[in-house]
Every structure is written in C-alpha cells, then in structure tokens.
Amino acid sequence: MQPSPTSSLPRPGEPPRQDSSESTPLEALQRAGRLQALHEIALRLSAAASRIEIVEHAVRAALELFGADEATYIEAPEPAAQQAEVLHVRGTRQTPLEQSRRPFPAGLLAALEPAASEPGDGQAQPPVETAGREATALLLPVRTAARLYGVLDVHLPGRQRPEPGLAAELAILASQAAVALEKASLIEEERRRAREATILLEIARATGSTLELHQVLDRIVERTAALTGADRASILLLDPSGRYLQPSALYGMDPTFVAAWKRNPIPLEREPLSRAALESRRPVVVYDALNDPRTDKAAVALFGDRSLLVAPLISRGQVLGTLFVNHVRRPYAFTAEDIEIIQAIAAQAAVAIDNARLYEETWRTSQQLRTAIESIGQALSAGFDLDATLSLIVGVAAEIAQAQGCAVALLEEDRLVVRAAAGVTPETWNAGAAQGDSALAEAAVARGTSYYIDEGSPAPLAHRQFLRSQGFAAYLGVPLRTQRETIGALSVYWRARPFEIPERIRLLTAFASEAALAIGHARLFALAARTAHELNAIIQHCSDGIVVYDLEQRVREFNRAMEQISGWTAAEARGRHCSEVFCHFDARGNRLCDRGCPVQHVLDTRRALLVQTITVARDGRRREIEASYTFVPGEDPGGSRVVVVVRDITSLKEVDQLKSDFVSMISHDLRTPLSLIKGYVATLLRPGLALPEETRLRFLRGIDNATDRLTRLVDNIISARRLETGMYKFALQRLPLTPLLRTAASAAAEHASGHRLEVDLPDDPLETIADPDEISRVVMNLLSNAFKYSPRGTTVRLRAWAEGDEVHVTVSDQGRGLPPDQLERIFEKFYRVPGQDAPERGSGLGLFICKRIVEAHGGRIWAESAPGRGSTFHVVLRRARSDTAQVA
Ligand code: ADP
C-alpha cells in the first residue's frame, strides 16, 4: 500500500473540530451508538490476550463500526530495523482479515512525523486525512506517550471529507488500541523476560554439566531447538585460520547424516549468511528461505528450510562461529523477541563453547606437559647419557611448542655452545652463532626469564635480522636453570608467528626447568661415571692386589694383581666369601683365618689391620704377603666396605734371604782364604822360625791359591753385576771350540780331587763365533761344579759334537743330581740348592754368570738331572758358517 499524499484538512497537530452544532438528530443518535460501541470495543481490547487480537479488533471495528471500505493496521518498525518487514493486518467489508509481512511503507512515518512530535498524553491522536479518487483515507497513529505501535489506515467510502465526529471517534479507537497494545506488550515483556530467563537457565544447565566441547555443542543445539520451537538447530565453528566453518553440532537430522555433515568444513566465503552474521556481529533473519537471495538454494533444498535465523557466537569479543535456527515445515515469522532470545542463547552458548575450548586447551596443554615431563623422567631413569638427554629435550620441546627449530645451548666457560638441535643441525647453529644466534639465547640467559621476539616485536634489529636470515618468524628463548645456577638456554624457532604465545611461554618455561634438572643429572652422572671409571682403572692396574668385601664378607671388587696372587679370576671371585678366595696361613701351613677372620675383625672394630702372612693360591703356590685391611664407611649402613690391599712380598723375602745368605757366604768365602793367608803369613813371619824350603814353598802356594780364590770370588761378583747391567763387553771372534775345550779340560783337571775326567771331543774344530775367555770360563765353571758336587772317584765327562748348524757341549757327572724343581732355579743369581754340602762353598753366582754369557752369545744352557743319578749340563752355541770370516 502506498500512502496517499496528505491533504491540508485538518492541520496535523490541530485539535479535531468538534462542530456538533451541524449534526442532525439521526447523526447524533448514530454517534451515541458508536460511542457506546466504542466503549464496548475498549473493554474487548483491554481483555484481548495478544497483540494480534487487539489489532484485529481494531481493524474490524473500523470496518464494522465506522463503515470503512478497507482498514489496515501497519505495525511500526523497530527503530533499529527500518528495513525489516512488519506485520500488516488488512480487511475489507467483504473479505476476512488477512495478515502479511511486508516492508513498512516508505514515507509513512514522515507523514505522521509532525503529529508524533507532539504526543497527546494518552489522548487520541488526530487522523491524517488523505483524499484518493474514490475514497477518503484516514491515517491514524496507534500510539501512547511511550511508543508508536503502528498506523491504522482507514478508507472511508466517498470522496467527501468525513464527518468530524467520525474522525475523532476513529482517533479514539486508535488510542484505545494503543493503550491495549501497551498493556499487552508490558504483559508480553514480562512473559518474555520470564521465558528468556527460563531458556537461559536451561541452556546454562545443559552446558554447565559438562566441559567436553562436543557434548556442550550437542546440548546447545538440542535445547535451542526445543526452547525456540524450531525444527532444527546447528552450530558451525570457525577454524583457527578463520577461513573455514566446521560443522560441529546439528539437531533435527539423522545421526548418520550428521556424522557425514561434520566431515566437510565449509569455506566461509560460501556461507554468506554466516559471513553476514559474523561481520555485522548481529543475527541475520531469513523469513523466506526459498526466495531470499542470500540463501544457498542447494542447501535450502537439501534441508527444506523455510525460515531461518543465524546468530553469531561471540565470546570475549571473539567470533567463534554461528548458531543456526531453522524452521522447516512452514515459514516462521521470527519476532523481535525470538531474535532477542536466540541472541541471548547464542551469547550463552559462546561462553560455554569458549569455556569448553579453554578447558580442552588446558587439558591438552597439561597432557603435553605431562608427556614431556614423563619422557624427560624416562630419560632421567634410563641412561643419564648427556647427549641422549639433550636430543630428547630438543625433540620434545619442538613438539610441545609446535616449533620448526629447537636448540639447547649450554654455558661452557662463560660461552653458550649449542649442544643439540632439532630441525636444524648443531653445526648450522654454531656457524650461525657468530651472527646472532647465541645473542638471542644470551638475551634469555641475561634476562633470567623467557625472551620472545617476532617480526613485530620491539627487539634489537640484529636479533630480528638474524631470525629473518634463518627463515624464522618468531623466537622464544628460555633460560635453563638448576636450583643453583643457570646452565644454558632452550631456544625454539617458528617459521610462522605462533598462536597462544603466553601459553607456549608458560609451557616451555615449565618444561625448561625439568630439562635443566635432567641436564644437571646427566652431567653429574657423567662426572660420577668418569670418576668411577678412573677409579676402577686405577684399582685394576694397581700393582698391589686390591679386594673389596661387603658387610657379608663377600667379594665386591677384585683387581688383576689379586687374580695373580690368588689364582681366581675377578668374575669367579665376585660374590664369594672371603674364606674361599683369600686366606692366611702360618709358616707351618695352618689356616690363620679359622682362628680369627681379619675381615670380620675389621668390620667389628672398624679399625685398620696389617697382617704379614702366607697365602696359598688356588694352584697351591705359596706366597708371602702383606695385607692391609681398612674399613670404609658407606653412605648408608649397607654400603660399608672392607678394602684390602695385598702386597706380594715373596720375592722381597727371597731377596732378603738371598742377601743374608750372600752376606754369610761372602763372609765365609772371604774369611776362609783370608784366614789361610793370614795363617801362612803369620807362620812365615814368625821370628826365628826356620822352615824347610819345601814347607815354605807349600805355604806360599797355599797363599797363592787362597788369593786366587779371593780373586775369583771378586771377579764373579763384578762379572755378575756387569752382565746384569749390560756393561759387559764380549770380544767375539771366529773360535775353534775343540782346542779351547781341550785346554780347559787340562786346566780343570788340576782342580780335580780324585775324579776321573773323560774328554770326548771330535776331530772337527767346531768353529763358532764367540769370546774365547768367556766360553772357557763357562766350561771351567761347569767342570769345577761337577768336581765339586760329585764324590771322589767318580767320572766327570766333557763331550762336544756338531749337530746341524749348532755345536753341543755337555759336562756330566755322577754326583747326587738335582730335583726337577731346582733345574731352573740353580741359574738364578746367588741361588744355591738348600742342604747341599760341598767341600768348597760357592757364591751361587757361577751358573748365573754362565747363563748370561751363553745367552749373550745367542746360545742356550740347561741342566738335566735326576736325584742320585748325576747331572748333565748342556751348552749349545751357534756354529760359524764356513764363509764367515769374522764376527757378525
Ligand atoms: P756355587 O758357587 O754355589 O757352585 P753355582 O751357580 O755354580 O754356584 O751353582 C749353583 C748351585 O747349583 C750350587 O750351589 C749347587 O747346589 C747346584 N749345582 C751346580 N752344579 C751342580 C752339579 N754338577 N751337581 C749338583 N748340583 C749342582
């Protein structure tokens, strides 16, 4: 309906003309009837339950009471929604009333404007009169002092101006309708408030019982549909990029359809209704989905939508998505109240969604942190390996920060050195350090707290440049601190600026303290392991035996020297009782341990103990030892130990013995010839004693012999010393051995005392390369021993022969012989077979010297013997090759 141009009658704002003097008695009667009817209408209007009923009464009264051809009530638009469609209730005298929604006619408000500016308080407003071709139209504002509810457009038959009384009465009708509408709207408002409160309470109850997002969403859509009487309700959530809508909850469709529907995010640009709601941050209403240009016709066809409303979901100023409320079976005229309620639901839903998301995020974060801390914990208990711990840290940190690069730099001599990196190699990082990487980590260390920068941060230019040069957009450095000190920094790098920066900082800071702890532990462990390794190496390579017992006197440590002493391997000894592997004996072979265990004694007294005893190895070898037992208290009572250091003093004892033997030997061997000399000389010098020449000569020969013996003894001592120290010089030459042996035999024969000497030599000169003096010394020594250690009258035999490129020389006797265990030992320095009487005591140096000389010539010497069956000494020398002229 287009409003008619207004006429000048009556002037808007002027009081209605009450020209009753011109009315006829019939008119007066009609008027009285109408006033009576108006009164009844007023009663009916105020009894009407709803706005639509009031409007219908008013329109019907205009038609029936005032004889209008046509009457229309046009609802006034909301001040904020001038473009919105409003309710029209139209009737003619022939047709029933019809309702529709159409835009509010442009200009209609302006036509009423002057009147609207001067509202009569509760009084009827004068109509605006318009004249058409066939009818007179009256526009009657339906208003109270507070509000304009609408306009009553009444067309009266004929082109005459209506009777003034009639216009005034119509104005009264409009005014009565306005009062009734106000009352109804106050009641409705109350009811709406109550309903809204109930709805919101229900939504709050539905969403408050869970924090799980999808449950929250499902409840919201179900409750929204139920509370607003819609057929369907759904929620689309914006994804983090803000470019897609994720179908998240849908009430009113088959569950299998819902599942499929959720799988396909919708690009925001293809959802104009959501976009409009999100951009305007206001609900978007579609009354006629089939014809509205903003709807997706395919979706409308699929869902069968007739009317729908899309409300933005906004929480803490952020748009989260949209809430759809759809009417499917028939079109639905969303009222301002509906819109308000849905908006309130949407606001409440948004808060619930936000809370659920926050909860989920917090939960996810705590899960991540827990996983991270668990893996660090695992690393802590697993290996204590620093490198492994560091690479684990960078891996986990990159993952929980969702970062593309991560590095751990440790402070080493006041410098930060990258020790592990993920996503980038440590080499790259170290190379880059000069340009600023360490400057970033250093900044975190220097601040003592996290250091975050991205391209937009007010960070030093060098820092931002470095970040860009490495292709990163954001950096976060967190100092690694143990309880006592800062040990380095954990750095993470993102290719794009991350979301939720404060959350990440919090997460990484928490993680960094765990990581620092793990690094500290791994370092301590490495140090402890190194120390333990060094200690173990020292123990193992110590020349003294070391054995460690626990409180149960079982072997815990056993070093190599101890293996030598005891004959047990460390692996065998470990765990065995001390009495099994290492025992003490006295010289007579009695077990001292049975009388008092030294380990037990030390455990009881906690005092050190030093014992010098004999121990018998597993193979029966006896060893003189010196063992010092020490109690070492442990950190816990079970950790105490007894440490035993065992020194094998067998050879020391032997040397001691040898020394005393040597001293007694030397003193005897020196004294004997010296006393002989002294005796002879004293006799010769005796004054007045005239000795026969023969006796005098015998004395002098005796002196000569005695000095020879002394010279030999001193010679031997000097030779032995020289041979030992390598100072001995040999004059090697091509030497025919046969003549040398023959000469030696006849010289030795002079010392034979009642023995027969058989010499069995070949014609072959048996040429060797040798020092003649030394070789004859060897042979003389062997012959003299043979005479010395075999009884008078027996035979001593000297033989020589060639065998291959060797020359064999043997000296055999028929003496007492030697036990097998002495055959080697007789070649040791100062060694003499115990209990052997010889007419002339030796020094124990002869065979030692022989062996050294023969071996220095590249030859071999050994003895063959059996007790009581004589001995044979073998000397083997290399034969000189026929072409060898001189010494090699
Ligand atoms: P000594 O000066 O005591 O003879 P040697 O070194 O020549 O020293 O000999 C070492 C020991 O070897 C002797 O003390 C003796 O017990 C033993 N011995 C050496 N030759 C013989 C032998 N022909 N028969 C038995 N025992 C011997």
Side-chain angles (χ1 to χ4, degrees), residues 660-723 731 739-759 761 771-798 811 813-816 830 832-833 836-850 853 873:
S660 52
D661 285 359
F662 177 69
V663 169
S664 62
M665 178 272 293
I666 289 291
S667 43
H668 175 272
D669 283 13
L670 283 177
R671 186 168 294 143
T672 313
L674 279 176
S675 35
L676 271 175
I677 293 167
K678 175 74 184 162
Y680 288 134
V681 172
T683 314
L684 287 173
L685 288 178
R686 199 179 290 159
L689 180 69
L691 286 172
E693 182 58 18
E694 193 188 330
T695 310
R696 207 176 56 86
L697 269 177
R698 192 162 50 82
F699 278 21
L700 286 174
R701 237 182 267 121
I703 292 170
D704 187 40
N705 273 341
T707 43
D708 274 355
R709 270 175 69 185
L710 279 177
T711 311
R712 253 204 322 280
L713 182 64
V714 173
D715 263 4
N716 272 347
I717 291 171
I718 293 169
S719 300
R721 174 97 191 113
R722 284 195 174 163
L723 281 163
L740 178 138
L741 292 174
R742 233 182 271 286
T743 315
S746 47
E750 286 180 24
H751 299 285
S753 41
H755 294 84
R756 216 172 25 257
L757 177 63
E758 266 183 36
V759 179
L761 297 172
D771 181 326
D773 289 346
E774 298 308 327
I775 295 301
S776 59
R777 184 170 175 177
V778 170
V779 178
M780 291 289 283
N781 210 319
L782 293 179
L783 285 170
S784 113
N785 276 352
F787 294 136
K788 213 155 64 174
Y789 300 109
S790 59
R792 289 167 178 268
T794 56
T795 305
V796 170
R797 199 161 182 217
L798 171 68
V811 176
D813 61 53
Q814 295 169 331
R816 72 194 70 173
F830 299 126
R832 312 189 72 238
V833 177
Q836 253 186 355
D837 313 318
E840 186 188 338
R841 279 182 60 96
S843 60
L845 281 173
L847 287 177
F848 171 77
I849 291 169
C850 289
I853 291 172
F873 285 79

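Just so you know, these numbers come straight off a predicted model, no measurement behind them.
Note that the CD1 atom of Ile703 and the CG atom of Asp708 stand 12.5 Å from one another [nearest 0.5 Å]. Atom CG of Asn705 is separated from atom CG of Leu700 by 11.5 Å, given to the nearest 0.5 angstrom. Residue Glu750 holds its CD atom at 12.0 Å from CG of Leu757, rounded to the nearest 0.5 Å. For the atom pair Leu740 CG and Asp773 CG, the distance stands at 9.0 Å (nearest 0.5 Å). Atom CG in Leu674 sits 5.0 Å away from atom CG in Leu710 (nearest 0.5 Å). Distance check, rounded to the nearest 0.5 Å: CG of Leu845 to CG of Asp715 gives 11.5 Å.
Evaluation of the side chain to side chain donor-acceptor pair (under 3.5 Å) test over residues 674-684, restricted to residues two or more places apart or in two chains, returns none.
Across every non-hydrogen atom of Leu691 and Thr695, the tightest pair is CD2-CG2, 4.2 Å. In this structure, Gly815 and Pro791 approach most closely via the heavy-atom pair CA-CD, 3.9 Å. Minimum heavy-atom separation, Pro772 to Ala731: CD-O, 3.9 Å. Here the shortest heavy-atom pairing between Phe787 and Ala748 reads CE1-O, 3.6 Å. The minimum heavy-atom distance between Gly793 and Arg756, with the atom names listed, is O-NH1, 3.8 Å. Closest of all the heavy-atom pairs between Ala745 and Leu798 is CB-CD2, 4.0 Å.
For Gln814, there are no side chain to side chain donor-acceptor pair (under 3.5 Å) partners two or more places apart in sequence or in a different chain. Annotation: salt bridge (Lys or Arg N to Asp or Glu O under 4.0 Å) contacts of Glu693 (sequence neighbours excluded): Arg696. Taking Asp771 as the reference, nothing meets the side chain to side chain donor-acceptor pair (under 3.5 Å) condition, with sequence neighbours excluded. For Arg792, there are no side chain to side chain donor-acceptor pair (under 3.5 Å) partners, not counting sequence neighbours. In this structure Ser719 satisfies the side chain to side chain donor-acceptor pair (under 3.5 Å) test together with Arg777, sequence neighbours excluded.
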For Arg709 and Leu713, what are the C-alpha separation, side-chain angles and deciding distance, and is it a side-chain contact (heavy atoms from CB on, under 4.5 Å)? CA-CA 6 Å; Arg709 270 175 69 185; Leu713 182 64; over 6 Å; no
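By the 4.5 Å heavy-atom criterion applied to side chains, Phe873 and Leu847 are counted as neighbours. Between Ser790 and Val796 there is a side-chain heavy-atom pair separated by less than 4.5 Å.
Side chain of His755 to backbone of Asp813: no donor-acceptor contact under 3.5 angstrom is found.
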